J.: 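My structure is below; once you've seen it, I'll send some questions.
This is a predicted model, so every value here is computed, not measured. All chains are named by letter (A, B, ...) in the order of the sequence lines, taking the proteins before the strands, and each is independently numbered beginning at 1.
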2 protein chains.
Amino acid sequence: MQKKEAPLHNNLAWPTVQRLSEYLIILEQFAEGGREVISSSELAEVYSNTPSQVRQDIFRLPNTGRVGQGYRIKELAEAIRETLGLDSVTKIVIVGCGRMGMTLAQHIPFGEHGMKLCGIFDNDPTIIGLEIEGTKVEDVSILEKKVVESAVSMAVLCVPASVAQELADRLVSSGIKGILNLTRQRLKVPPGIYVQYEQIICSFMQLAYKCKQSPRPAPNL
Amino acid sequence: MQKKEAPLHNNLAWPTVQRLSEYLIILEQFAEGGREVISSSELAEVYSNTPSQVRQDIFRLPNTGRVGQGYRIKELAEAIRETLGLDSVTKIVIVGCGRMGMTLAQHIPFGEHGMKLCGIFDNDPTIIGLEIEGTKVEDVSILEKKVVESAVSMAVLCVPASVAQELADRLVSSGIKGILNLTRQRLKVPPGIYVQYEQIICSFMQLAYKCKQSPRPAPNL
DNA sequence: TTAACATTGATAAAATTTTAACAGCCATTG
DNA sequence: CAATGGCTGTTAAAATTTTATCAATGTTAA
Ligand SMILES: NC(=O)c1ccc[n+]([C@@H]2O[C@H](COP(=O)([O-])OP(=O)(O)OC[C@H]3O[C@@H](n4cnc5c(N)ncnc54)[C@H](O)[C@@H]3O)[C@@H](O)[C@H]2O)c1
Ligand SMILES: NC(=O)c1ccc[n+]([C@@H]2O[C@H](COP(=O)([O-])OP(=O)(O)OC[C@H]3O[C@@H](n4cnc5c(N)ncnc54)[C@H](O)[C@@H]3O)[C@@H](O)[C@H]2O)c1
């Protein structure tokens, strides 16, 4: 069975993109544990879907598995990164360094995923100047300057909702390409600029819906 | 045009559930602003989808809009909450009160969404006893006892990945129904228990993929 | 060397989700 | 009071996504 030439337009289904990003986390964990090869059924077992779906998701990726053998974990991870656009260093900035912004700065291993944190901004004088994981918090007044200078492509918004749109506008006019918006404010952006919304409370609601499907089980201590 | 009787089994499509939870956030913001009525096209404009999809999503909900008039925001919000399973108070606990756990405790308005935070647990003596937004951090050794006592139905895991599975097991054996897992550890749980995974880094990756579709625009200051 | 085995790559069928279309209803206006 | 216009509820069609299936292939063991 021959692998077809890679499709010109790597246009993946959105659900596939979502799963691929999660597979990557799983693959990295396996790799850390020293594992070299994984099969679609093992990955499906961990992810809780089917081997068929895993193969279908991986099908479009440039890298090939070995028929009968499974996938080389490192190669597969690299193929996913490349396909998602994380092959070159993706520059990002954090805007708003309160509790949330600081947690992200300290805790998300950007480097491990082909991204580089190259700026943290706030407007609170007591926060400006703090150094977090090697990055100094800067005054938000120089946001545009820094974003343009470093050709930053993505930003995370962790400011109060009331100023989110204003900062989004400033980011967009500085040439940013995508915004990860953690505030509750829905943003208006021009076409060609992408916004990804993320609300933990929504995950709770979705979980509540799942839970509603069956009654609370009895404790089993 | 007659509204059909409510379907017996309110089995919503999963993408619909996801959108409904986001509509709710939007509706709450409109309500705060004093708005009383909203049309499917206005909601679609803010959410960035189509009026048709909005109507299709709302279609199965018990509450009715007024033909020609739009939806009463409060009624619609209430219908969504009810459908998602947030009509009665859903009890939740936070497990792990480091940076992430603390941010959630302080920042997520559980009460506004039909949920009640009724416990925060950690194993660090310097953290145990702290009071966060009116809830004391307790020793994780009494986790099972408290979960059973209060009939808690959902938990958020914000502990190090290395202890995530162990704590998930303890939660499950205490009768928990759903786990919102913020750690990178994929969890094994028995059937009938639901896990919702949430990784901000995955949102970044998904955003990177969106951004890859077109080149970075020139700044426009 | 050959046969058995496990597992992918690929395709086709099934299922789900989105989009489109429009009849019917309610408020408003003259 | 009748006509108009806006917008929902509902259905059906289109598009997308998931699932099933199986030939092909490298590996291992006899
Ligand atoms: N998506 C989620 O799940 C989630 C969870 C928690 C919080 N949040 C949201 O994240 C945002 C931040 O939350 P937080 O807990 O960090 O709040 P916070 O108040 O601790 O932090 C906000 C930060 O923004 C800074 N700021 C205010 N105005 C600014 C401006 N004009 N320019 C630059 N910086 C500015 C403040 O100085 C502060 O440091 C809020 O909108 C909150 O609702 C989202
Ligand atoms: N999903 C995301 O987007 C995201 C973002 C940031 C962090 N995280 C994850 O969230 C988790 C916590 O991150 P953090 O920044 O809060 O780390 P942290 O180290 O600040 O907090 C971990 C807390 O767990 C407590 N803990 C350790 N062992 C425990 C046990 N057995 N029982 C109870 N409590 C215990 C520690 O005392 C500490 O307070 C980590 O797994 C991290 O990877 C996820």
J.: Write down the distance between CD (Glu75(A)) and C1' (dT8(C)), rounded to a whole number of angstrom.
T.: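 Distance, rounded to whole Å: 14 Å.
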
J.: Rounding to an integer number of Å, can you tell me how far Asn11(B) CG sits from dT16(C) P?
T.: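 Atom-to-atom, Asn11(B) to dT16(C), this comes out as 10 Å.
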
J.: Could you tell me the separation between the CD1 atom of Ile58(A) and the P atom of dT8(C), rounded to a whole number of Å?
T.: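 Rounded to whole Å, this separation is 8 Å.
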
J.: Any base atoms under 4.0 Å from Ser52(B), or only sugar-phosphate, or nothing? Heavy atoms, all strands.
T.: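 Base contact.
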
J.: Applying side chain to side chain contact (heavy atoms under 4.5 Å, CB included) between Leu157(A) and each of Val195(A), Val163(A), Ile94(A), Leu171(A), report the one that passes.
T.: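 Single pass found, and it is Leu171(A).
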
J.: Using a cut-off of strictly less than 4.0 Å, decide whether Gln69(B) has a side-chain nitrogen or oxygen near OP1 or OP2 of dC26(C).
T.: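 It does not, given that no N or O in the side chain of Gln69(B) lies less than 4.0 Å from OP1 or OP2 of dC26(C).
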
J.: Please assess Leu84(A) against His113(A) for the test side chain to side chain contact (heavy atoms under 4.5 Å, CB included), listing each intermediate value before the final yes or no.
T.: CA-CA 10 Å; Leu84(A) 294 183; His113(A) 301 280; over 6 Å; no

J.: For dT19(D), take OP1 and OP2 only and decide whether either is under 4.0 Å from a side-chain N or O of Thr50(A).
T.: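 Answer yes for this pair, as a side-chain N or O of Thr50(A) is under 4.0 Å from OP1 or OP2.
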
J.: What is the separation between atom CG on Leu12(B) and atom P on dT16(C), rounded to the nearest whole Å?
T.: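 It is 14 Å, rounded to the nearest whole Å.
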
J.: In whole Å, what is the span from the CD atom of Gln53(A) to the P atom of dA12(C)?
T.: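 So the CD-P distance, Gln53(A) to dA12(C), works out to 20 Å.
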
J.: What I want to find out is whether Arg81(B) reaches Asp87(B) closely enough, with some N-O distance under 4.0 Å, to be called a salt bridge.
T.: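 Not counted as a salt bridge, because no side-chain N and carboxylate O are separated by less than 4.0 Å.
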
J.: Nearest whole angstrom, please: distance from the C1' of dA21(C) to the CZ of Phe59(B).
T.: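 Going from CZ in Phe59(B) over to C1' in dA21(C) covers 15 Å.
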
J.: Separation of Asp57(A) atom CG from dT18(D) atom C1', in whole Å?
T.: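 Going from Asp57(A) (CG) to dT18(D) (C1'), I get 10 Å.
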
J.: State whether Arg55(A) places a side-chain N or O below 4.0 Å from either non-bridging phosphate oxygen (OP1 or OP2) of dG9(C).
T.: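 No, no such contact exists.
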
J.: Please report the distance, rounded to the nearest Å, between CG in Leu43(A) and C1' in dG9(C).
T.: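 Roughly 16 Å, once rounded to whole Å.
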
J.: Just say parallel, tilted or perpendicular for the rings of Tyr47(A) and Tyr23(A), cut-offs at 30° and 60°.
T.: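 Ring orientation, 0 to 90° scale: perpendicular.
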
J.: Out of dG9(C), dT8(D), dT18(D), which nucleotide sits closest to the side chain of Val67(A)?
T.: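 From the listed options, dG9(C) comes nearest.
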
J.: Is there a side-chain contact between Tyr71(B) and the phosphate of dG9(D), meaning an N or O under 4.0 Å from OP1 or OP2?
T.: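 Result: yes.
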
J.: Is it the case that atom CD in Glu36(A) sees more than 12 heavy atoms from other parts of the structure closer than 6.0 Å?
T.: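 No, the 6.0 Å shell around CD holds no more than 12 heavy atoms from other groups.
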
J.: How do Gln56(B) and Ile38(B) order along DNA chain D: which one's closest nucleotide is nearer the 5' end?
T.: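 By nearest-heavy-atom nucleotide position, the 5'-most residue is Ile38(B).
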
J.: I want to check one thing: is the phosphate of dT8(C), taken as OP1 and OP2, less than 4.0 Å away from some side-chain N or O of Ser40(A)?
T.: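 Checking dT8(C) against Ser40(A), a side-chain N or O does come within under 4.0 Å of OP1 or OP2.
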
J.: OP1 or OP2 of dT18(D) sitting under 4.0 Å from any side-chain N/O of Arg19(A)?
T.: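 Looking at the OP1 and OP2 atoms of dT18(D), one of them is under 4.0 Å from a side-chain N or O of Arg19(A).
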
